[in-house]
Amino acid sequence: MPELPEVETYRRYFEATCLHQPIEAIDVEDRKLLTTDYATLTETLIGQTFVSTKRVGKNLFIYTNGGSTLHMHFGMTGDLEYYHSSLDRPRHARILFIFKSGFNLGFICPRKFERIGLVEGVDAYLKKKKIAPDALDISLEELTYNIRKRKSFIKPVLLDQSTVAGIGNWIVDEVLFQAKIHPEMLSNQLNDSEIGRIFSATRYVLETAIEHEANYGRFPQHFLIHSREWDVSPYEDAGRHKRCPCDKVETEHMQVGGRTTYYCPECQVLR
DNA sequence: TAGCTTGTTAGTTA
DNA sequence: ATAACTAACAAGCT
């Protein structure tokens, strides 16, 4: 589920656990997960310490005391877990950063869509990958420009990381719901009011999600996300409801751009 | 069980 | 050349 709020939560977790400890070893179960060859990765990082972090969209960058930059992308199912005893090694922790302190950071990737590697620099990486400013940093002007220059359904345009960075399939549905915009509105036909609502809703949804450490079950009841079907604990399941918060109709779902899309046919009408 | 899945990108088409 | 769209990627879950 790693959209922007998860990655921000991982970033804070990493900062709280992994800084300033010499790296003793790196264990890689499957080298396909690396974007840097294994020898270079270990030769560069062993003996160094992590000193600070930066997040842009769904990308986490970690700086070391030796001037290197490590990049992590969490794909669809990535996670981090810091632990001590090797008996506690989490399931699917396919890359381990083993610190001299005896603690370990597990990079968890059940479906192997995740990636780790060294990058030359954050700005160069973002430019090469055509990643737009972070969804919490982008200006209304730049967002407006990036939306209007495209001619497609607004949902896939917002999912495109070159429009704005950090929005994934669940957040985009929530943003469009809060902004009261149908996911199949054409991006180049949105007026200033509508784009303004997308801009505000993006910040509101992301800030709320980060506050709750991306724990969707705890989101406010007027969020559309409670209509989604997902794997939750029985506690969270009790908060799930298919009725739109507007209380007029049930939410519906369809495919937009090949992705499952939830929306309220009453609140989000095609114009 | 066969079909679904949160992200990204190579490949195809226009 | 560029933009839009689709399918594929890997593996786990139901």
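Protein chains get the first letters and strands the later ones, always in sequence-line order, with residue 1 at the start of each.
Looking at Arg11(A) and Thr53(A), their side chains do bring a donor and an acceptor atom within 3.5 Å of each other. Residues Tyr204(A) and Glu174(A) bring no donor and acceptor atom of their side chains to less than 3.5 Å of each other.
Under 4.0 angstrom from either OP1 or OP2 of dC4(B) there lies no side-chain N or O belonging to Thr260(A). The shortest distance between the side-chain N/O atoms of His92(A) and the OP1/OP2 oxygens of dA11(C) is not below 4.0 Å. At dG7(B), none of the side-chain N or O atoms of Gln161(A) fall inside 4.0 Å of OP1 or OP2 (strictly under the cut-off). Between Lys129(A) and the phosphate of dT9(B), there is a side-chain N or O to OP1/OP2 separation shorter than 4.0 Å. Lys58(A) has a side-chain polar atom (N or O) that falls below the 4.0 Å cut-off from OP1 or OP2 of dT8(B). In this structure, Ser152(A) reaches the dC5(C) phosphate: one of its side-chain N or O atoms is under 4.0 Å from OP1 or OP2.
Residue contacts shown for Gly168(A) are limited to sugar-phosphate atoms, with no base heavy atom under 4.0 Å away.
The Phe113(A) side chain lies nearest to dA10(C) when the options are dA10(C), dT6(B), dA4(C). Taking only side-chain atoms of Arg111(A), from C-beta outward, the nucleotide of dT8(B), dA11(C), dA4(C) with the closest atom is dA11(C).
Rounded to the nearest Å, the gap between the C1' atom of dT6(B) and that of dA4(C) is 23 Å.
Distance, Met76(A) CE to dG12(C) C1': 11 Å, rounded to whole Å. Per the geometry, CG belonging to Asn169(A) stands 10 Å off C1' belonging to dT5(B), to the nearest Å. Atoms CD1 (Ile131(A)) and P (dT9(B)) sit 8 Å apart, rounded to a whole Å. Straight-line distance from the CZ atom of Arg115(A) to the C1' atom of dT8(B): 10 Å, rounded to whole Å. Atom CZ of Arg94(A) is separated from atom C1' of dG12(C) by 10 Å (rounded to the nearest Å). Rounding to whole angstrom units, OH of residue Tyr216(A) and P of dT5(B) are separated by 16 Å. Atom pair Ile108(A):CD1 and dG12(C):P shows a separation of 14 Å (rounding to whole Å applied). Going from atom CG of Asp160(A) over to atom P of dC5(C) covers 11 Å, rounded to whole Å.
Side chain Arg259(A) to base dT8(B): a donor-acceptor pair is found below 3.5 Å. The base of dG12(C) is not paired with the side chain of Arg91(A) by any donor and acceptor separated by under 3.5 Å.
Within the structure, the salt bridge (charged side-chain N to carboxylate O under 4.0 Å, His left out) test picks out the following pairs touching residues 261-271 of chain A (sequence neighbours left out): Glu194(A)-Arg271(A).
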Could you go through the side chain to side chain donor-acceptor pair (under 3.5 Å) check for Glu252(A) and Tyr263(A) one step at a time? CA-CA 6 Å; Glu252(A) 294 183 2; Tyr263(A) 71 108; 3.1 Å; yes

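Closest of all the heavy-atom pairs between Asn146(A) and Ala132(A) is ND2-CB, 4.4 Å.
A tilted orientation is assigned to the rings of His73(A) and His71(A), their planes being inclined by 30° to 60°.
For CD of Gln255(A), the number of neighbouring non-hydrogen atoms (other residues, nucleotides, ligands) closer than 6.0 Å is greater than 12.
The strand DNA chain C forms stems, runs of 3 or more Watson-Crick or G-U wobble pairs with distances below 3.5 Å, at B:2-5 with C:11-14, B:7-14 with C:2-9.
Annotation: Phe107(A) is in aromatic contact with Phe74(A) [ring centroid separation under 6.0 Å].
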